[in-house]
Amino acid sequence: MTTVPFPAATITGYPRIGRRRELKKALEAYWAGRSSRQELETAAADLQLATYRRLVELGLGAQDSSLPAAFPLYDQVLDTTTALGAVPSRFADLAGADGGLDLDASFVLARGDAGRPPLELTKWFDTNYHYLVPEIGPATPFRARPERLVADVRRAAEDGFAVRPVLVGPVSWLLLAKADDDAPAGFDPLQRLAELVPVYAELLRELAAAGAQWVQLEEPALVADQDVPGAALAEAVWDAYTALTAPAAGRPQLLVTTSYGSPGPLLHTLAGSGIEALHLDLVKGAVPSAEELALFRDEDAPVLVAGAVDGHNVWRADLAGRLAQLEELARAGVEVSVASSTSLFHVPHDVEEETQLDPVLRSWLSFADQKVAEIVTLSRGLAQGPDAVAGELEAAAEARGTRAEAPGVRDAAVRERADSLTDAEIGRAPAEVRRRAQEGRSFTASGPLPPLPTTTIGSFPQTPEVRSARARARAGQLDQAGYDRFLREEIERVVRLQEELGLDVLVHGEPERNDMVQYFAEHLDGFATTVHGWVQSYGSRCTRPSILWGDVSREGDGVRGEAFTVPWIGHAQSLTDRPVKGMLTGPVTILAWSFVRDDQPLGRTAEQVALALRDEVADLEAAGIGIIQVDEPALRELLPLRREDQPAYLDWSVRAFRVATSGVRDETQIHTHLCYSEFGEVVSAIDGLDADVTSIEAARSRMEVLTDLEAAGFSRGIGPGVWDIHSPRVPSQEEIEQLVERALGHVPADTLWINPDCGLKTRGYAETRASLEHLVAAARTAREQLAAPAGPPLQVQHGVQA
Ligand SMILES: Nc1nc2c(c(=O)[nH]1)N[C@@H](CNc1ccc(C(=O)N[C@@H](CCC(=O)N[C@@H](CCC(=O)N[C@@H](CCC(=O)O)C(=O)O)C(=O)O)C(=O)O)cc1)CN2
Ligand SMILES: [Zn+2]
């Protein structure tokens with residue numbers, strides 16, 4: 001083993017989509033058959049080189065292993081899966097003669113093919129990034145496939161950079177995996193750790209042979225509470241890392257990272273395991289205690305890689321405060337290196353690109369490139385003393401000072417309103433009372449809704465025409481009146497289509513929205529939006545998170561401001577006798593998918609957003625909209641990773657939803673929509689939202705999720721999705737009928753709604769029309785069977801699987 005020291009300044013990762021989304025464009029061109037594999041590989045290699053050059057320009061070392069080589073084309077967990085040769089059994093036919101997956105095969109795991117759904121996509125810790133879940137069984141092959149990693153290291157070396165390869169570590173990779181469909185009951189992927197570790201050891205040897213002095217193994221799963229008992233987890237960590245660090249010829253030194261929280265007692269295990277460097281997320285509170293610091297002073301103790309600059313939010317760092325904290329660690333006799341708290345891929349590239357932003361606001365912000373500079377400054381300050389970086393410390397303090405004072409950061413009227421909100425104002429009548437009021441209501445010209453009402457989740461396809469009209473409007477090539485006319489016509493088309501299809505509760509289709517959060521941010525005071533601030537959400541898909549910097553209310557005069565969704569939704573309602581469902585994004589989701597101010601508790605910020613939405617809900621109701629949906633797909637995402645922190649979160653998040661939705665009459669029906677399938681942990685919160693109807697994602701799991709809701713005694717309206725909208729596949733009428741029948745095995749017929757899993761914005765019209773035809777037909781069949789006096793009983797007894 002070589003003993004090159006760990007670099008004094010580093011980052012644990014950097015955005016990989018490209019400053020102008022070069023990778024997104026290259027991938028989508030390749031998938032669409034518009035470019036060759038060689039063109040894709042060249043674009044990816046160019047991006048790596050450009051990244052290294054930029055990072056060195058910003059002050060990181062070219063030769064000291066401070067540059068992470070982490071360039072997944074689709075997802076970093078998928079890349080670790082392929083490097084381990086862990087081909088899931090249902091994709092075994094794609095493996096080459098050597099047992100490995102080439103790039104095209106790995107895209108099939110990511111995107112599926114005609115006969116095969118892709119690997120499941122799931123949230124990456126408490127972020128808006130999604131990873132591909134490895135599927136492991138007792139027989140999944142493990143075989144080192146280091147070729148792509150090695151090629152990256154060699155190519156970097158040819159260009160003059162000595163880089164640090166990155167892999168998801170063995171314990172986290174297994175904890176993030178799920179048992180495959182063939183695995184026997186009780187199988188846990190972690191049971192395969194002993195077989196996996198030698199494969200990691202071989203990957204490490206190959207990387208060292210290619211010239212890597214250091215390798216980074218990411219173990220973020222160690223900061224979240226797991227189902228595995230603590231002692232078993234500690235044993236797994238100990239076994240894996242003592243084995244990987246056992247004296248062996250030609251292994252690289254190991255950095256283990258623990259982003260997104262604190263490893264808790266596992267810090268002891270990791271620090272004593274023989275690894276050469278241990279990264280801690282100081283931003284999320286993983287600050288070592290005096291006793292823990294002692295672990296870093298032992299002989300052979302790891303370097304403490306202090307994640308001192310926030311990789312998950314965009315505020316300029318308090319450099320003086322951070323430097324003082326780092327100096328304290330150093331004074332304790334510990335070798336400290338400075339790093340980001342998480343990979344910087346959660347933030348955009350460069351705030352200097354945002355020339356349209358107010359310069360004062362811009363001076364408060366730090367995107368990836370600014371964060372690298374902050375890390376380099378802190379590292380210099382630590383080595384040479386604060387005086388050496390006095391100018392930088394002062395500039396940071398000054399920017400933070402203007403932030404505290406700036407108009408709009410605190411709006412007295414908004415605060416007074418939030419402070420005077422009473423509990424009576426955020427409760428509705430009991431659900432039963434509302435239900436009776438709503439049942440008696442004529443939602444349609446022909447009377448109440450039929451049983452098993454059909455609806456959709458909100459968005460209709462965002463066609464190239466819709467996106468291009470918006471782009472032309474933004475560029476000034478289409479005037480406001482022309483754009484408005486285009487949108488009104490689009491809404492009319494969508495309404496007529498739904499009438500023709502025979503849906504019961506219509507939507508306006510959301511054509512005016514670029515994104516379900518950004519659109520709201522654009523109409524609320526206290527938010528700013530970016531032009532180039534793209535951040536990867538999954539694969540080639542990106543979002544531009546808005547920046548919530550000040551107190552929030554609707555744009556326009558006074559604390560209530562002006563309605564902004566009513567013109568579109570009201571227009572849709574004016575075109576039809578059927579009820580049009582109003583569509584809003586909920587407070588928690590608006591927070592989760594934005595960069596949020598860090599100068600007050602999240603719950604307080606959520607309450608302000610909720611009050612703005614409450615105003616919009618009231619205006620929709622006043623405009624004659626009788627059904628209003630408030631989407632909270634991110635409710636689960638912000639759930640703290642440690643169980644002890646969860647109740648407080650669920651408290652304020654549920655309260656915010658109720659603030660937004662409780663200002664309406666009993667007759668007004670509130671819907672919500674959640675699209676993830678792990679409900680267990682939040683099922684009581686879903687109950688607490690007190691929505692009249694909740695739609696959820698259920699098609700992929702074939703209604704399995706209903707068992708959680710059933711077990712919790714959920715009794716309100718429920719719309720388990722019967723069409724998985726994540727792929728272009730059209731479900732047949734029979735398939736939907738089966739899902740409806742299954743759902744009726746779990747919930748009473750008079751609470752069941754028939755709808756897709758999620759919005760249709762990523763779908764095309766051909767599959768949308770066909771799938772909705774099948775959905776409506778299946779609902780009709782089910783209704784007929786329910787009504788048939790002598791037919792086979794379709795509504796199976798509660799709790800019995802249909
Ligand atoms: N914020 C957010 N988070 C979310 C979701 C969500 O919908 N929103 N859904 C879940 C899954 N995540 C997703 C994230 C992104 C996309 C997605 O489709 N993103 C689009 C961009 C959507 C968008 O903002 N579009 C804008 C801007 C489009 C654009 O790129 N314009 C071009 C020009 C286009 C042209 O000339 O036609 C440009 O600016 O360069 C618009 O429609 O106006 C993409 O990456 O392709 C889907 C799901 C969870 N998290
Ligand atoms: Zn959804």
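Note: hydrogens, waters and symmetry copies are ignored here, and every other heavy atom, side chains too, is used. Please read all numbers here as calculations on a predicted model, not as lab measurements. We count ligands from 1, going down the list as the structure has it; atoms in each ligand are counted the same way.
- Nearest-residue assignment for atom 30 (O) of ligand 1 (options R21, R467, R472, R513; heavy-atom criterion): R21.
- Heavy-atom proximity to T543, at under 4.0 Å, picks out these atoms of ligand 1: 1 (N), 2 (C), 3 (N), 14 (C), 15 (C).
- Considering backbone and side-chain N/O of E28, none are found under 3.5 Å from N/O of ligand 1.
- Judged purely by distance below 3.5 Å, without hydrogens or angles, the side chains of Q518 and S546 never pair a donor atom with an acceptor atom.
- For atom 12 (N) of ligand 1, the nearest non-hydrogen atom of the protein is S537 OG, 3.2 Å.
- Every atom of ligand 1 with a heavy atom of H130 under 4.0 Å away is listed here by number and element: 49 (C).
- Between the side chains of D631 and T585, no donor-acceptor pair is found at a separation under 3.5 Å.
- Some N or O of K24 is nearer than 3.5 Å to an N or O of ligand 1, by distance alone.
- Two rings, from W723 and H774, have their centers 6.0 Å or more apart.
- Atom 43 (O) of ligand 1 has its closest protein heavy atom at R470 NE, 2.7 Å.
- Closest to atom 50 (N) of ligand 1 among all protein heavy atoms lies N128 OD1, 2.8 Å.
- The single protein non-hydrogen atom nearest to atom 45 (O) of ligand 1 is C542 N, 2.7 Å, given as residue, atom name and distance.
- With a 4.0 Å heavy-atom cut-off, ligand 1 is reached by no atom of V466.
- Here the heavy atom of the protein found nearest to atom 18 (O) of ligand 1 is R541 NH1, 2.8 Å.
- Of the charged side-chain nitrogens involved, at least one lies within less than 4.0 Å of a carboxylate oxygen, so that R716 and D690 count as a salt-bridged pair.
- Note: Y129 and F345 have perpendicular aromatic rings, judged against thresholds of 30 and 60 degrees for the angle between ring planes.
- Protein heavy atom nearest atom 7 (O) of ligand 1, with residue, atom name and distance: K761 NZ, 2.8 Å.
- The aromatic ring centroids of Y14 and H349 lie less than 6.0 Å from each other.
- Counting only N and O atoms by type, the side chains of T51 and Q48 include no donor and acceptor under 3.5 Å apart.
- Between SG of C675 and NE2 of H673, the angle at the Zn ion (ligand 2) works out to 110°, rounded to 10 degrees.
- Among the candidates E522, E616, E562, the single residue satisfying the salt bridge (Lys or Arg N to Asp or Glu O under 4.0 Å) test with R554 is E616.
- The residue from F564, W593, F527 that alone fulfils the ring pair (Phe, Tyr, Trp, His ring centres under 6.0 Å) condition with F520 is F564.
- Under the ring pair (Phe, Tyr, Trp, His ring centres under 6.0 Å) test applied with H346, the options Y260, F595, W534 reduce to a single match, Y260.
- The closest approach between any non-hydrogen atom of R474 and ligand 1 is below 4.0 Å.
- T455 pairs in a side chain to side chain contact (heavy atoms under 4.5 Å, CB included) with only one of the listed residues (N755, L775, L449), which is N755.
- Among the atoms of D515, some N or O lies under 3.5 angstrom from an N or O of ligand 1.
- On a distance-only criterion, T762 and ligand 1 share no N/O pair closer than 3.5 Å.
- Counting heavy atoms closer than 4.0 Å to ligand 1, residue Y519 contributes nothing at all.
- In this structure, D551 pairs ionically with R597, as a charged nitrogen and a carboxylate oxygen lie closer than 4.0 Å.
- Taking distance alone, with nitrogen or oxygen atoms compared against 3.5 Å, R544 stays at or beyond that limit from ligand 1.
- Counting heavy atoms under 4.0 Å from ligand 1, residue N514 touches it through both backbone and side chain.
- When the heavy atoms of W593, Y538, W534 are ranked by distance to atom 28 (C) of ligand 1, first place goes to W534.
- On a distance-only criterion, Q462 and ligand 1 share no N/O pair closer than 3.5 Å.
- In the vicinity of A471, heavy-atom distances shorter than 4.0 Å reach the ligand 1 atoms 35 (C), 36 (O).
- Under the 4.0 Å criterion applied to side-chain N and carboxylate O atoms, D104 and R37 are assigned as salt-bridge partners.
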